[in-house]
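Input: a single structure, listed below in structure tokens.
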Protein chains: 2
Amino acid sequence: MPDLDRTFAALSDNTRRAIVARLAGGEAPLSDLAEPFAMSLTAVSKHVRVLSDAGLVRITKRGRTRYCTLEATPMKDAADWLEDYRTFWEGQLESLARYLEEEN
Amino acid sequence: MPDLDRTFAALSDNTRRAIVARLAGGEAPLSDLAEPFAMSLTAVSKHVRVLSDAGLVRITKRGRTRYCTLEATPMKDAADWLEDYRTFWEGQLESLARYLEEEN
DNA sequence: AGCATAGTCAACCATACAGTTCAGTGTCAA
DNA sequence: TTGACACTGAACTGTATGGTTGACTATGCT
């Protein structure tokens with residue numbers, strides 16, 4: 001699953017997760033995306049390219065600006081992968097709860 | 001959220017996801033974990049360290065073998081982060097479904 | 001035509017990562 | 001006590017990542 005590789009890798013950076021969060025609110029031009037960050041536009045552009053390579057963001061050029069939109073599917077795939085372990089961690093956290101319970 | 005950074009980074013490798021999958025079935029010694037992979041034990045040991053640094057795996061030494069167990073919480077955090085976007089991608093995939101519907 | 005805006009490209013730097021090999025440590029078993 | 005087993009550590013290689021700057025392209029505005 002090299003797709004999952006790239007999806008998780010894309011999400012392993014705080015800046016990129018912030019970009020994703022921002023794009024969940026709707027499409028935005030690159031320069032708008034870059035504005036909140038204390039780094040060059042080039043750097044943000046690279047981050048967006050990583051997201052785009054991972055298929056999480058689609059870039060459409062209108063005039064001189066690039067509009068970015070969030071792409072759902074890869075994130076769903078990642079969530080689905082994690083979801084398979086939900087029962088596991090729910091069980092584990094429940095055990096923890098029981099353990100803490102008994103400790104009192 | 002540097003924790004999420006490390007969690008997602010840890011999950012961005014196929015080998016490590018396979019290790020996680022394996023550990024979901026119960027604790028296992030390092031050498032058992034390494035066995036299915038066409039790489040050195042050292043390499044697997046490094047992978048496990050990455051998982052351990054990210055808090056996804058706990059290593060307990062009994063005798064000369066290291067037993068690895070899956071640790072729930074960080075994966076839950078990652079899943080929770082992704083879960084926030086579920087409504088988003090469900091909406092988007094629904095739009096896609098409607099679009100495909102209308103195309104016929 | 002001329003300038004500002006939006007962004008890419010190329011080159012560079014430092015750090016991290018995935019993998020190797022080889023040598024070493026610690027533990028169990030005969 | 002000798003040897004096998006289960007690792008870890010150190011050193012090295014190649015490649016990726018996150019960031020910079022400076023030059024360039026392309027579009028829009030006046």
Side-chain angles (χ1 to χ4, degrees), chain A residues 1-23 26-70 74 78, chain B residues 1-23 26-70 74 78:
Chain A
M1 285 87 188
D3 290 3
L4 273 183
D5 276 34
R6 290 200 298 177
T7 304
F8 280 125
L11 294 176
S12 74
D13 181 281
N14 204 30
T15 304
R16 286 194 293 264
R17 285 196 305 279
I19 291 175
V20 165
R22 165 69 195 274
L23 289 180
E27 94 177 341
L30 230 188
S31 24
D32 283 23
L33 290 180
E35 190 266 338
F37 300 109
M39 64 178 81
S40 67
L41 179 62
T42 307
V44 175
S45 175
K46 280 187 178 187
H47 279 302
V48 170
R49 171 181 294 276
V50 171
L51 289 167
S52 158
D53 286 349
L56 275 89
V57 159
R58 190 163 18 93
I59 305 174
T60 5
K61 188 179 167 183
R62 284 205 301 275
R64 63 181 158 180
T65 88
R66 271 76 171 172
Y67 291 88
C68 307
T69 44
L70 200 53
Chain B
M1 284 82 189
D3 290 4
L4 273 182
D5 276 35
R6 289 200 298 177
T7 304
F8 280 125
L11 294 177
S12 74
D13 182 282
N14 203 30
T15 304
R16 286 193 295 263
R17 285 197 307 279
I19 290 175
V20 165
R22 166 70 195 273
L23 289 179
E27 94 176 344
L30 231 187
S31 25
D32 282 24
L33 289 180
E35 191 267 336
F37 300 108
M39 64 179 81
S40 67
L41 180 62
T42 308
V44 175
S45 175
K46 280 187 177 187
H47 279 302
V48 169
R49 171 181 293 278
V50 171
L51 289 166
S52 159
D53 287 349
L56 275 89
V57 160
R58 190 162 20 91
I59 305 174
T60 6
K61 188 179 167 182
R62 285 205 299 277
R64 62 183 159 181
T65 87
R66 272 74 172 173
Y67 290 89
C68 306
T69 44
L70 200 52

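These numbers come from a predicted model, not from an experiment. First the proteins, then the strands, lettered A, B, ... as listed; each starts at 1. The figures that follow rest on heavy atoms only: side chains count, while hydrogens, waters and symmetry mates do not.
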Kindly compute the distance separating [atom1] ([X]) from [atom2] ([Y]), expressed to the nearest 0.5 Å.
{"X": "B:Leu51", "Y": "B:Leu11", "atom1": "CG", "atom2": "CG", "result": "7.5 Å"}
{"X": "A:Arg49", "Y": "A:Leu30", "atom1": "CZ", "atom2": "CG", "result": "10.5 Å"}
{"X": "B:Leu70", "Y": "B:Glu27", "atom1": "CG", "atom2": "CD", "result": "12.0 Å"}
{"X": "A:Arg16", "Y": "A:Leu56", "atom1": "CZ", "atom2": "CG", "result": "10.0 Å"}
{"X": "A:Asp32", "Y": "A:Leu23", "atom1": "CG", "atom2": "CG", "result": "10.5 Å"}
{"X": "A:Leu33", "Y": "A:His47", "atom1": "CG", "atom2": "NE2", "result": "12.0 Å"}

Please give, in whole Å, the distance from [N] [atom2] to [X] [atom1]?
{"X": "B:Leu30", "N": "D:dC7", "atom1": "CG", "atom2": "P", "answer": "5 Å"}
{"X": "A:Glu27", "N": "C:dA6", "atom1": "CD", "atom2": "P", "answer": "15 Å"}
{"X": "A:Tyr67", "N": "C:dG7", "atom1": "OH", "atom2": "P", "answer": "8 Å"}
{"X": "A:Asn14", "N": "D:dG18", "atom1": "CG", "atom2": "P", "answer": "12 Å"}
{"X": "B:Arg66", "N": "D:dC7", "atom1": "CZ", "atom2": "P", "answer": "7 Å"}
{"X": "A:Phe8", "N": "C:dC17", "atom1": "CZ", "atom2": "P", "answer": "17 Å"}
{"X": "B:Arg6", "N": "C:dC17", "atom1": "CZ", "atom2": "C1'", "answer": "15 Å"}
{"X": "A:Leu33", "N": "C:dT8", "atom1": "CG", "atom2": "C1'", "answer": "16 Å"}

To 10°, what angle do the rotation axes through the five end pairs on each side of the helix from C:dA1-D:dT30 to C:dA30-D:dT1 form?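 Both end axes considered, the difference amounts to 20°.
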Could you encode protein contacts along nucleotides 19-30 of chain D as a string, one character per nucleotide from 5' to 3', using B for base contact, S for sugar-phosphate-only contact and - for no contact, with a heavy-atom cut-off of under 4.0 Å? BBBB----BS--
By nearest heavy atom, map A:Arg49 and A:Thr65 onto DNA chain C; which one lands nearer the 5' end? A:Thr65
Taking the side chain as C-beta and beyond, is there a heavy-atom pair between A:Phe8 and B:Arg17 under 4.5 Å?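 A side-chain contact exists here, since the closest heavy-atom pair is under 4.5 Å.
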Can you tell me if B:Ser45 touches the phosphate of D:dC7, counting only side-chain N or O atoms and a distance under 4.0 Å to OP1 or OP2?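 So the side-chain polar atoms of B:Ser45 never come under 4.0 Å of the phosphate oxygens OP1 or OP2 of D:dC7.
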Taking side chain to side chain contact (heavy atoms under 4.5 Å, CB included) as the criterion, tell me which of A:Val50, A:Val48, A:Asp13 meets it with A:Ile19. A:Val48
Audit row: B:Arg22, B:Glu35, salt bridge (Lys or Arg N to Asp or Glu O under 4.0 Å) steps and yes/no: CA-CA 12 Å; B:Arg22 166 70 195 273; B:Glu35 191 267 336; over 6 Å; no
